[in-house]
Amino acid sequence: MTILRPEAHAILSACRDGAEEVILFTFGEKDYAQTICAEFDFGFQPNQILSCEYLLLSPKDLAPAGVLIDDKEPDEESARVKMAALGIGANRYLRVPPFRAPEFASCRLFVAGLPAKIERLAGCR
């Protein structure tokens, strides 16, 4: 069973409005990620999904001007791997409230502030 975060489309919309390109980074398998993206109409093309298979190759510096949005703490290993792949520091890491049962914390405030954060970070290349 997969549960959609209620604000997922709003997060993607804010990102797409304020960024040149939006990529999905996942520690899931690419086939699974593609299926979920299609089922939930996330609008990612296969070349916009970087999965565990790709991350295991330890890419570096893919997008040093990029921003990573994740629900993990920035010092957790999965977040560190993604930041290293992008070539960014913690200053370009935005933590969205975690989405784990049974809390399912809302991220409405995060979404409301996201456009300003993206704009501010876009100026810090």
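What you see is a predicted model, and the numbers here were worked out from it, not measured in a lab.
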Quick check: closest heavy atoms across [X] and [Y], and the distance to 0.1 Å?
X	Y	answer
K30	P46	NZ-O, 2.8 Å
I69	C15	CD1-SG, 3.5 Å
C37	F44	SG-CD1, 3.7 Å
P98	D71	CA-CB, 3.8 Å
R95	P74	CD-CD, 4.5 Å
K82	L68	CB-CD2, 3.6 Å

Verdict with reasoning, I23 to L62, per side-chain contact (heavy atoms from CB on, under 4.5 Å): CA-CA 11 Å; I23 300 292; L62 296 173; over 6 Å; no
Would you check if [X] and [Y] make a side-chain contact, meaning some heavy-atom pair closer than 4.5 Å?
X	Y	answer
L94	V67	yes
L4	H9	yes
L114	V96	no

Joint cluster assignment, [X] & [Y], ILVMFWY side-chain distance < 4.5 Å:
X	Y	value
V81	L56	no
F99	F25	no
L55	L24	no

Nearest 0.5 Å, please: how far is [atom2] in [Y] from [atom1] in [X]?
X	Y	atom1	atom2	result
I36	D41	CD1	CG	13.0 Å
S78	K72	OG	NZ	5.5 Å
Q34	Q45	CD	CD	9.5 Å

Heavy atoms of other groups near [X] [atom1], more than 12 under 6.0 Å:
X	atom1	value
R16	CZ	yes
E76	CD	yes
L57	CG	yes

Y32 and T26 side chains, donor-acceptor separation under 3.5 Å: no
Aromatic ring pairing F40/F42, orientation class (parallel under 30°, perpendicular over 60°, tilted between):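 Tilted: the ring planes of F40 and F42 meet at 30° to 60°.
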From CA spacing to verdict: side-chain contact (heavy atoms from CB on, under 4.5 Å), R5, I11: CA-CA 10 Å; R5 179 189 287 270; I11 291 171; 4.1 Å; yes
Steps toward side-chain contact (heavy atoms from CB on, under 4.5 Å) verdict (Y93, E73): CA-CA 10 Å; Y93 183 90; E73 292 288 344; over 6 Å; no
